[in-house]
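See below for the structure under consideration.
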Amino acid sequence: MLEISGGVVLEISGEVVLEFSGSMGERLSGREDGDSGMINGVRGLMLDTYDFNNDIWLCHGQCNNFTAFQPAIKVLEEIKIFLEANPTEIITIILEDYVTSPNGLTKVFDAAGLRKFWFPVRRMPKHGGDWPTVDDMVHNNQRLVVFTSIKSKEASEGIAYQWSYMVENQYGNGGMIDGLCPNRTESSPMNTITRSLVLVNYFRSTPNITETCKDNSAPLLKMVNTCYKASGNRWPNFVAVNFYKRSDGGGAPEAVDVANGHLVCGCGNIAYCKNGVRGLMLDMYEFNNDIWLCHGQCNNFTAFQPAINVLKEIKIYLQANPLEMITIIIEDHVASPNGAEIGQPLILDQRLLVFTSNSSKEASEGIAYQWDYMVENQFGDVGMTAATCTNRAESAPLNTTTRSMVLVNYFRSLPNIFEHGKRLCSLVAGNRWPNFIAIDFYKRSDGGGAPEAVDVANGHLVCGCGNINLCKKSITTLFTLIILLFGCSTALKEGQTCVADSNCDSGLHCETCLTNGNVRPRCTRIQPISPTSKLKGLPFNRYSWLTTHNAFARLGEKSATGSVILAPSNQQDSITSQLNNGVRGLMLDLYDYNNDIWLCHSYGGQCYNYTAFQPAINVLKEIQSFLQANPSEIITIIIEDYVTSPKGLTKVFDAAGLRKYWFPVSRMPKNGKDWPTVDDMVQKNQRLVVFTSKASKEASEGIAYEWRYVVENQYGKGGMIAGSCPNRAESSPMNSTSRSLTLVNYFRDVPDVTQACKDNSAPLLSMVNTCYESAGKRWPNFIAVDFYKRSDGGGAPEATDVANGHLVCGCGNIVQCKANVTFGVCDIPEARVAPAPGAVAHDSSFGYLNSKPLQLRWLLGTAFSALLLSL
């Protein structure tokens, strides 16, 4: 896999394989924090599985009541939750397997929902070859690697037999003898190269929490080095310890960092690894009826691989990194017509800049002729002469100001990995710092090397300092650069390419929707139009309100208990932010917990420290502050109610100061009639509508039982089937006219922030229309989604606008409603004029150069803006 993550240029794009490098394993008896180790970077889990109590259990020793910890399903479900919440992470499970029941492991993994993450045995290298890249594993969502200690299960259950793929040293006291690293009995010798993974154990036969802080310090690091030599100079992929959090310093995490430093970049610690490639020099030739990457005249000895392989890697990188740009500089020996149309796998957006050395191809294939746009110094030994910087023959003189880019080559005529890095001089052309620095063996240096040279150039280019690390994120610098790059500019509209939220107009933010095939960062909507801004005075049930499912379950939130939250998250921002963005319906799950009422995303009707977000009073006070500051707004709270304490809800609402805004049950229509008008509700200050899922609380606490007033479709997977809108079990049928409000849910059983942008786009709008038909031609009053800010365009706000258009004025969108006109009279915007026949819409990232200065300006502006925003 090509290393692509920074700002130097590779002269020869070889293949750099990232080893499959996990973090530390841990034994069940040797941990202090349950399974929250995954949050702390643990990516290998050693689990002992047994048949016990007609189930699969995690036990330590022969399984009985004294050695049994818990059913395996519980830990596996925690792993599933983590993988769902962290879509780029990979976990390895190493099973000490005592399960004899037929397909017992298969059943428990399937029951936990882990099959969708399974890395298949057929993709594991059998003879010591390299594994697939981690990018490939993530791209294919094959992010769970499972090994068993029972050989027969590879054939019977598709679970890899551990010692067919890895070598492992002796565990326990036998593996802690200084200077020795013997293999355990079941494993091949440590230096067996037909096993591509290495596991190093370093823990006592009997766990000792007191001694572990000593064991996990210098002795562990020493054993890692000993096992490196015993394994044929291979660093471990797994470092397994007890009580991984205990050490006298860096501990097991540092040992893993040392191993990763050597595996990933050849340095003594992963902290020393520097990458920064954003420019790639590729030599392309015709060979074997295809386009190949070769070094020298192409033949069997100089051909590396078909160009398409590398170009697809670049495509994957650009898709995964929507704010990054890459430049390809082609030494072009392709003569076949359109043979270098390399853009086909790469047409994404305008983040790929491609140059060719063949001048005719700018006209014939739309690929920029390199030396019309840049100056370049001499390559090879001549270009390495101290204090000299001459242009190469094809380039204009280096001080030519009609070329806006500068490329500096600094590599030998014949590559020499041992000599590289001794000296890398700073070269300039007419007091211009280089935009590209091209070298061989970019990772090798005697210090900062090529990355430091790039940092120096960027420092001068971006902020006038001697190094990019000295640049400060100053308003003056940012303002000056924006003026220089863009002149006068206005906020971007929906659908326009952006770099950050601040680029976009009010009510929009900058977003990319990879799952919908759209990798261009665009301004997308996060706010619906307020329907009362178009027409006031209608009944409450004649408006639609954007609603957030589990509004409190914020991505990245830490529990107020101090524990790590293992429960799924459903939204990206705070309640206050949601309300400011036009959300007017909030779904909240309330529980008794810690002698108080808490917001939890839990299961089984019980709240736990790892599912508890915060006391409900905090969020209710945010709502109170919003209602106080916005006297014409109405909010609806829909409670999934697990509170059993006497008048628990009444007490917490009163404590939050919300009683004065309460809309009383006595005023709610019981038989499907119209609600009071919003003007009336505002005038009486009855601006908080609250529903509960417990019928008894309407009489006991005066909180309306939701399904006496609302019909609601099925939530989760059952509510996302195209063309179908069934009611949820507690609700009356969708077409029940005795309920005057309609709620449409559209979110997954398990929240998925990546897929939400796709779900909240065309599929959501389609479901709103489907439910309109199912609800007896009634448009929804509440549209409930996960991650309401994510979409591929208008999203949940647009769906709300569509519903409001029909409800308020009989038009297809609230934007078309006109004040003081007959229902159904709409302000339809004029259709856009179609482009003339033969006109080309230059949307592509590749091959169109009709507006060179403008496109180049945009590219450079985007790069600089992204750089500044990251400082």
Side-chain angles (χ1 to χ4, degrees), residues 17-27 30 43-49 90 92-98 119 121-132 145-155 159-206 215-216 218-242 244 252 255-264 266 268:
V17 180
L18 182 64
E19 293 283 349
F20 181 75
S21 49
S23 297
M24 65 201 110
E26 59 179 357
R27 288 194 169 271
R43 292 299 178 269
L45 301 168
M46 288 178 162
L47 307 178
D48 296 2
T49 51
I90 298 169
T92 301
I93 299 176
I94 301 170
L95 300 174
E96 190 169 325
D97 188 353
Y98 300 95
F119 186 87
V121 170
R122 59 181 165 75
R123 297 199 69 202
M124 297 183 182
K126 298 292 192 296
H127 304 292
D130 282 322
W131 281 60
V145 181
V146 184
F147 295 106
T148 174
S149 58
I150 297 183
K151 188 174 184 178
S152 63
K153 292 194 178 177
E154 182 159 323
I159 305 174
Y161 177 54
Q162 177 182 352
W163 293 292
S164 290
Y165 305 93
M166 71 172 67
V167 293
E168 178 181 356
N169 74 319
Q170 181 60 47
Y171 57 86
N173 295 344
M176 300 182 77
I177 301 171
D178 190 27
L180 296 178
C181 184
N183 57 282
R184 67 179 285 176
T185 306
E186 303 90 337
S187 169
S188 299
M190 294 299 289
N191 62 354
T192 305
I193 59 174
T194 56
R195 305 296 186 267
S196 49
L197 297 175
V198 178
L199 187 158
V200 169
N201 297 301
Y202 198 74
F203 47 83
R204 295 171 184 256
S205 301
T206 302
D215 294 340
N216 290 351
L220 169 62
L221 203 53
K222 190 173 182 180
M223 181 56 67
V224 165
N225 281 272
T226 298
C227 288
Y228 159 74
K229 294 177 181 177
S231 301
N233 294 333
R234 292 185 297 168
W235 294 95
N237 305 100
F238 304 95
V239 179
V241 298
N242 284 337
Y244 77 96
V256 173
D257 288 348
V258 167
N260 272 323
H262 289 281
L263 285 167
V264 172

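Below, all heavy atoms of this structure are taken into account, side chains as well, without hydrogens, waters or symmetry copies.
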(request) Report the residues that fulfil side-chain contact (heavy atoms from CB on, under 4.5 Å) with Asn225, sequence neighbours left out, ordered by chain and then residue number. (result) Leu221, Trp235
(message) Give me each pair satisfying salt bridge (charged side-chain N to carboxylate O under 4.0 Å, His left out) with a member in residues 218-229, each pair once, sequence neighbours excluded.
(response) Asp178-Lys222
(request) Might you point out which heavy atoms bring Ser188 and Arg195 nearest each other, and give the distance in Å? (result) OG-NH2, 3.6 Å
(request) Please round to the nearest 0.5 Å and tell me the distance separating atom CG of Leu197 and atom CE of Met166. (result) 5.5 Å
(message) With a 4.5 Å cut-off on side-chain heavy atoms, are Tyr202 and Asp215 touching?
(response) yes
(request) Can you measure from OH (Tyr244) to CG (Asn216) and round to the nearest 0.5 angstrom? (result) 11.5 Å
(request) Show the numbers, then the answer: is there a side chain to side chain contact (heavy atoms under 4.5 Å, CB included) between Leu47 and Ile93? (result) CA-CA 7 Å; Leu47 307 178; Ile93 299 176; 3.8 Å; yes
(request) List the atom of Ile193, the atom of Arg234, and the distance in Å for their closest heavy-atom pair. (result) CA-NH1, 4.3 Å
(request) Return the minimal non-hydrogen interatomic distance between Ile90 and Arg43, and the atom names on each side. (result) O-CD, 3.2 Å
(request) Quick one: list whatever passes side-chain contact (heavy atoms from CB on, under 4.5 Å) with Lys126, sequence neighbours left out. (result) Val121, Glu154, Tyr165
(request) Tell me yes or no: between the side chains of Gln162 and Glu168, is some donor less than 3.5 Å from an acceptor? (result) yes
(message) Looking at every heavy atom in both Pro125 and Ser196, which two are closest together, and how far apart are they?
(response) CG-OG, 3.7 Å
(request) Could you please spell out the steps behind the side chain to side chain contact (heavy atoms under 4.5 Å, CB included) verdict for Ile150 and Ile159? (result) CA-CA 9 Å; Ile150 297 183; Ile159 305 174; over 6 Å; no
(message) Tell me every residue that passes side-chain hydrogen bond (donor to acceptor under 3.5 Å, both in side chains) with Tyr228, counting only those two or more places apart in sequence or in another chain.
(response) none
(message) Working to the nearest 0.5 angstrom, can you tell me the gap between Ser164 OG and Lys151 NZ?
(response) 6.0 Å
(request) Kindly determine whether Phe147 and Thr92 satisfy side chain to side chain contact (heavy atoms under 4.5 Å, CB included), including the steps that lead there. (result) CA-CA 8 Å; Phe147 295 106; Thr92 301; 3.9 Å; yes
(message) So, using side-chain contact (heavy atoms from CB on, under 4.5 Å) as the criterion, who are the partners of Thr194 when residues are at least two apart?
(response) Thr192
(request) Starting at CZ of Phe203, measure out to CG of Leu220 and round the result to the nearest 0.5 Å. (result) 11.5 Å
(message) Suppose we screen for side-chain hydrogen bond (donor to acceptor under 3.5 Å, both in side chains). Which residues come up paired with Asp97, at least two apart in sequence or across chains?
(response) Thr148, Lys153
(message) To the closest 0.5 Å, what do you measure between CH2 (Trp163) and OG (Ser149)?
(response) 5.5 Å
(request) Apply side-chain contact (heavy atoms from CB on, under 4.5 Å) to Ile177 and list each qualifying residue two or more places apart in sequence or on a separate chain. (result) Leu180
(request) Output yes when a side-chain donor or acceptor of Asn169 lies under 3.5 Å from a complementary backbone atom of Asn201, and no otherwise. (result) yes
(request) Would you please name every residue forming a salt bridge (Lys or Arg N to Asp or Glu O under 4.0 Å) with Arg123, sequence neighbours left out? (result) Asp136
(message) Would you compute the distance between atom OG of Ser187 and atom CD of Gln170 and round it to the nearest 0.5 angstrom?
(response) 10.0 Å
(request) Look at the side chain of Asn242 and the backbone N and O of Thr206, then say whether any donor-acceptor pair between them is shorter than 3.5 Å. (result) no
(message) If you compare all heavy atoms of Val200 against all heavy atoms of Cys227, which two are closest, and at what distance to 0.1 Å?
(response) CG2-CB, 3.6 Å
(request) Return the minimal non-hydrogen interatomic distance between Ala240 and Met46, and the atom names on each side. (result) CB-CE, 3.6 Å
